[in-house]
Amino acid sequence: MLNYLWGFMIIIGTIFAAFTGNLPSVTEAALDSAKEAVMLCITMIGVMSFWVGLMKIAERAGLIEGASKKLEPLLTFLFPSIPKDHKAREYISTNMIANFFGLGWAATPAGLSAMQELKKVSRQKEGVASREMCTFLVLNISSLQLIPVNMIAYRSQYGSANPSMITGPAMLATAISTLVAVIFCKLACMGREERL
C-alpha cells in the first residue's frame with residue numbers, strides 16, 4: 001500500500017512540475033538527493049562497521065556474557081515465565097545491551113533470534129504473540145540508549161557543529177520511554193491475569 005502511495009506522490013509531483021515549468025528543478029533535486037543518499041550510506045556503513053566490530057570484540061572477550069549475567073534479575077522481573085537457562089534470555093540480553101549502546105544494527109539479529117526462541121516457549125496458538133513476545137517488542141521499541149550512535153552519525157553527516165550534543169536529551173527520552181514501556185507491560189500483564 002505504501003508503495004502505491006509513494007508512486008502516486010512521485011507521479012503527481014512530476015506532472016505538476018511539468019505543467020508549472022519546474023521539471024529541471026525536480027530532476028536536479030532527484031540527482032542531488034541520490035548523491036546525498038549514497039554519501040549518507042557510506043557514512044553509516046563506516047559507523048555501523050566500527051560499532052558492530054566493537055560488539056563482536058566485547059562478545060568474544062566475554063563482556064556480553066558478563067553483562068548478561070548482571071541483567072538476570074531484570075530479565076526475571078520482565079520475563080518471569082521464561083526458564084532461567086533458556087536461549088531466549090541470552091538473545092534478549094544481547095539485544096538489550098546492543099540497544100543500550102545505540103547499536104540497533106547489532107541488536108537486530110539478536111532480536112530476531114529472541115523472537116524465534118520466544119515462539120518456541122509460547123503457549124499461544126500459531127500466529128498469536130505471547131505476553132513475553134509483546135513485552136520484548138515493546139521494550140525493544142522503547143530502546144534505552146546510552147549513546148545514540150545513529151543520531152550522532154546523522155548529525156555529523158549533515159554538518160552539525162556538535163553532533164554528540166544530542167546524547168543527554170536522547171538518554172533522558174529513551175529512559176522515560178523505557179520506564180513507560182515497563183509500566184505498560186506490567187499493567188497489561190496484570191490486567192490479562194485478572195481476566196483469566
Enumerate the residue pairs fulfilling side-chain hydrogen bond (donor to acceptor under 3.5 Å, both in side chains) with a member in residues 158-181, sequence neighbours excluded, ordered by first and then second residue.
Glu36-Tyr158, Ser142-Thr178, Arg155-Ser160, Asn162-Ser164

As an exercise, state the distance from [atom1] of [X] to [atom2] of [Y], rounded to the nearest 0.5 Å.
{"X": "Ile92", "Y": "Phe79", "atom1": "CD1", "atom2": "CZ", "result": "4.0 Å"}
{"X": "Tyr91", "Y": "Leu118", "atom1": "OH", "atom2": "CG", "result": "11.5 Å"}
{"X": "Met133", "Y": "Glu117", "atom1": "CE", "atom2": "CD", "result": "11.0 Å"}
{"X": "Leu71", "Y": "Ile97", "atom1": "CG", "atom2": "CD1", "result": "5.0 Å"}
{"X": "Thr108", "Y": "Asn140", "atom1": "OG1", "atom2": "CG", "result": "7.5 Å"}
{"X": "Phe136", "Y": "Ile82", "atom1": "CZ", "atom2": "CD1", "result": "9.5 Å"}

Indicate the atoms forming the closest heavy-atom contact of Asn99 with Gln145, along with that distance.
O-CG, 3.1 Å

Can you name the closest pair of heavy atoms from Cys185 and Thr135 and give their distance?
SG-CA, 3.8 Å

Judged by atom type as modelled, is there a donor-acceptor pair below 3.5 Å linking the side chain of [X] to the main-chain atoms of [Y]?
{"X": "Lys87", "Y": "Ser113", "result": "no"}
{"X": "Asn95", "Y": "Ala107", "result": "yes"}
{"X": "Ser49", "Y": "Ile45", "result": "yes"}

Could you pull out all residues at least two apart from [X] that satisfy salt bridge (Lys or Arg N to Asp or Glu O under 4.0 Å)?
{"X": "Lys70", "result": "none"}
{"X": "Lys35", "result": "none"}
{"X": "Glu72", "result": "Arg89"}

Residues at least two apart in sequence or cross-chain that pass side chain to side chain contact (heavy atoms under 4.5 Å, CB included) with Ala30, listed by chain then number, are none

Using the side chain to side chain contact (heavy atoms under 4.5 Å, CB included) criterion, which residues pair with Ile141? Sequence neighbours excluded.
Leu137

Assess whether side-chain contact (heavy atoms from CB on, under 4.5 Å) is satisfied between Met96 and Leu74, documenting all intermediate values.
CA-CA 11 Å; Met96 291 173 81; Leu74 179 63; 3.7 Å; yes

Can you get from Phe77 to Leu75 by hopping between Ile, Leu, Val, Met, Phe, Trp and Tyr side chains that sit under 4.5 Å apart?
yes

Please test Lys84 against Thr76 for side chain to side chain donor-acceptor pair (under 3.5 Å), starting from the C-alpha separation and ending with a verdict.
CA-CA 8 Å; Lys84 288 262 188 220; Thr76 301; 3.0 Å; yes

